2 protein chains.
Amino acid sequence: MKFFSWNVNGFRSVLKKGFMDWLEVAEPDVLSLQEIRSEWEEVDLGVRRQLESAYDICWFPARSKKGYAGSATLTRRELGFTLTPGLGIEAYDAEGRMISAQRGELVFLAGYFPNASQGLVRLPFKRAFAQDLAKLVAAHHAAGRHVLMAGDMNVAPGELDLARPKDNLLSPGFTVEERADFQGYLAAGLVDVLRERHPGEPGLYSWWTARGGARERNVGWRIDLFLASQGLLERVQDAQIHANVLGSDHCPISLELT
Amino acid sequence: MKFFSWNVNGFRSVLKKGFMDWLEVAEPDVLSLQEIRSEWEEVDLGVRRQLESAYDICWFPARSKKGYAGSATLTRRELGFTLTPGLGIEAYDAEGRMISAQRGELVFLAGYFPNASQGLVRLPFKRAFAQDLAKLVAAHHAAGRHVLMAGDMNVAPGELDLARPKDNLLSPGFTVEERADFQGYLAAGLVDVLRERHPGEPGLYSWWTARGGARERNVGWRIDLFLASQGLLERVQDAQIHANVLGSDHCPISLELT
DNA sequence: CGTGATAAG
DNA sequence: CTTAACACG
């Protein structure tokens, strides 16, 4: 079962840049999209029909602000996932942040984690979100469920996960607070799958600023992640960063489960 | 002496679409631009230097709102025009509407006349502007000066001056009020030069909506005009609409004076 | 630097 | 439909 996650920075934008071609090649069984920045009705009708023919779709745009944030989860129809938009917490759900997809004892919890923003003005919001999410993961574990958490987490877990750690100690996405909250996910029993499989390997990034050729020079951040319950690790076949896939300032990441 | 007027709908935009090439071919002696929508400092430095090498330039952007309206007048340096931004009436001058260029007994009064706007919300403003301008023209005439008035006047003088007069009797640019105010310019002693030279000729337009191929089908309006003092008419060599010149939703117009 | 909303035309 | 400002990332 191939899981993908991609912050598309505007679904209508990435559609113009070959998203459907990518989809045909990647063949995800489960796909989380972030920053869809559109209502489902605003998406090209042909695309909608094509996607609906193969996938169960939970399209979850922000209610709070048009064209802002939002996420979607698509699961291959035959897999029979149950899709639930939101965490049941209005502040996050109004921004279309997280979607649950459940199938048996597996919960796929994916979406667009808040950005701490310029001046860290949304750091408190982001921290509350992370802490609420860690509690939810712990609750799933307590109930005997496995969790696969994915998305644009807007935090680089460690120094290895961004090209310029020293320059970004106070930047949104690398503050001590954000990294501490990330540790909270691990404390809840999750594992950063890609880092687990590539300990010590630098240069593995999933986001590059659009300014000044950062992507060509691979001056990036690894902020798009798959975190898996420890009990799920033996089922992980593969975890990848598809840095060659263009169309957004983020690239897709994937994880394969038996 | 070749006078040109062109609503460029964003000077930086038209620069990308070959404005400088057009300038080299057209060789205006005097050029009024409307809807420059930029500060002079925002214009490409090479372009600024090139223009400054040949022209005296009065760049008159709106103070009231960034990227809105504004006009400019460029006169060939050797002609020795005196350039004065504004009419001395704050409400108009804050929007960078009109520039005077004087040389001997000739006053070139050009710029971007207000648009009555959706719902005619600015019709009162536009009427006040037109009436103040007519008074100014009359004053110049009383003082023995000739006036050449030009620009995007945002009014089609008569039924012949737009493709769909019946459909636009209540539209901004063709209301009875706007046409009455246009008559005020004629009452002040000005003549619509192009119409004077082509009485009864339809299809002479200078603006076409960007929506739905209006320009290809020549469904347009003649709202960019040269009006000349009666005493100036014997010096008029030529008056043209350059409908083939692209780059804006308006095309340039010109008038040649001996 | 790019996406999308918005105001204005 | 297009320009430009703006918010956000």
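Sequence lines set the chain letters: A, B, ... in the order given, protein chains first and strands last, and positions in each chain run from 1. None of the values given here were measured: they were computed from a predicted structure.
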- Between the main-chain N or O of B/A243 and the side-chain N or O of B/R215, is there a donor-acceptor pair closer than 3.5 Å? yes
- Contacting residues from residues 3-10 of chain B, given that a heavy atom lies under 4.0 angstrom of DNA chain D: B/N9, B/G10
Counting just side-chain N and O atoms, does [X] come under 4.0 Å of either OP1 or OP2 of [N]?
X: A/K65; N: D/dC8; value: yes
X: B/T209; N: D/dC1; value: no
X: A/Y68; N: D/dG9; value: yes
X: A/S117; N: D/dG9; value: yes
X: A/K17; N: C/dT3; value: yes

Which side-chain N or O atoms in residues 148-160 of chain B pair as donor and acceptor under 3.5 Å with protein atoms at least two apart or in another chain?
from, atom 1, to, atom 2, distance (Å)
B/D152, OD1, B/N154, N, 3.0
B/D152, OD2, B/N7, ND2, 2.9
B/N154, ND2, B/F113, O, 3.0

- Can you label the angle between the B/Y185 ring and the B/F182 ring as parallel, tilted or perpendicular, going by 30° and 60°? perpendicular
- Identify which nucleotide among C/dG9, D/dT3, C/dG2 has an atom closest to any side-chain atom of A/R37, counting heavy atoms from C-beta outward. C/dG2
- Message: Using the side-chain heavy atoms of B/R211, tell me which of these nucleotides is nearest: D/dG9, D/dA4, C/dG9.
- Response: C/dG9
- Query: Under 4.0 angstrom, heavy atoms only, what part of the nucleic acid is A/E35 near: base, sugar-phosphate, or nothing?
  - Reply: sugar-phosphate
- Message: Quick test of your reading of the model: are B/K126 and B/E178 salt-bridged, counting only N-O distances below 4.0 Å?
- Response: yes
- Query: Does the pair B/D192/B/R222 count as a salt bridge with the N-to-O cut at 4.0 Å?
  - Reply: yes
Atom-to-atom span, [atom1] of [X] to [atom2] of [N] - whole angstrom:
X: B/I36; N: C/dA8; atom1: CD1; atom2: C1'; result: 16 Å
X: B/H250; N: C/dA8; atom1: NE2; atom2: P; result: 17 Å
X: A/Q118; N: C/dC1; atom1: CD; atom2: C1'; result: 13 Å

- Task: Step by step, work out the side chain to side chain contact (heavy atoms under 4.5 Å, CB included) result for A/L23 and A/L51.
- Result: CA-CA 10 Å; A/L23 191 73; A/L51 292 175; 3.5 Å; yes
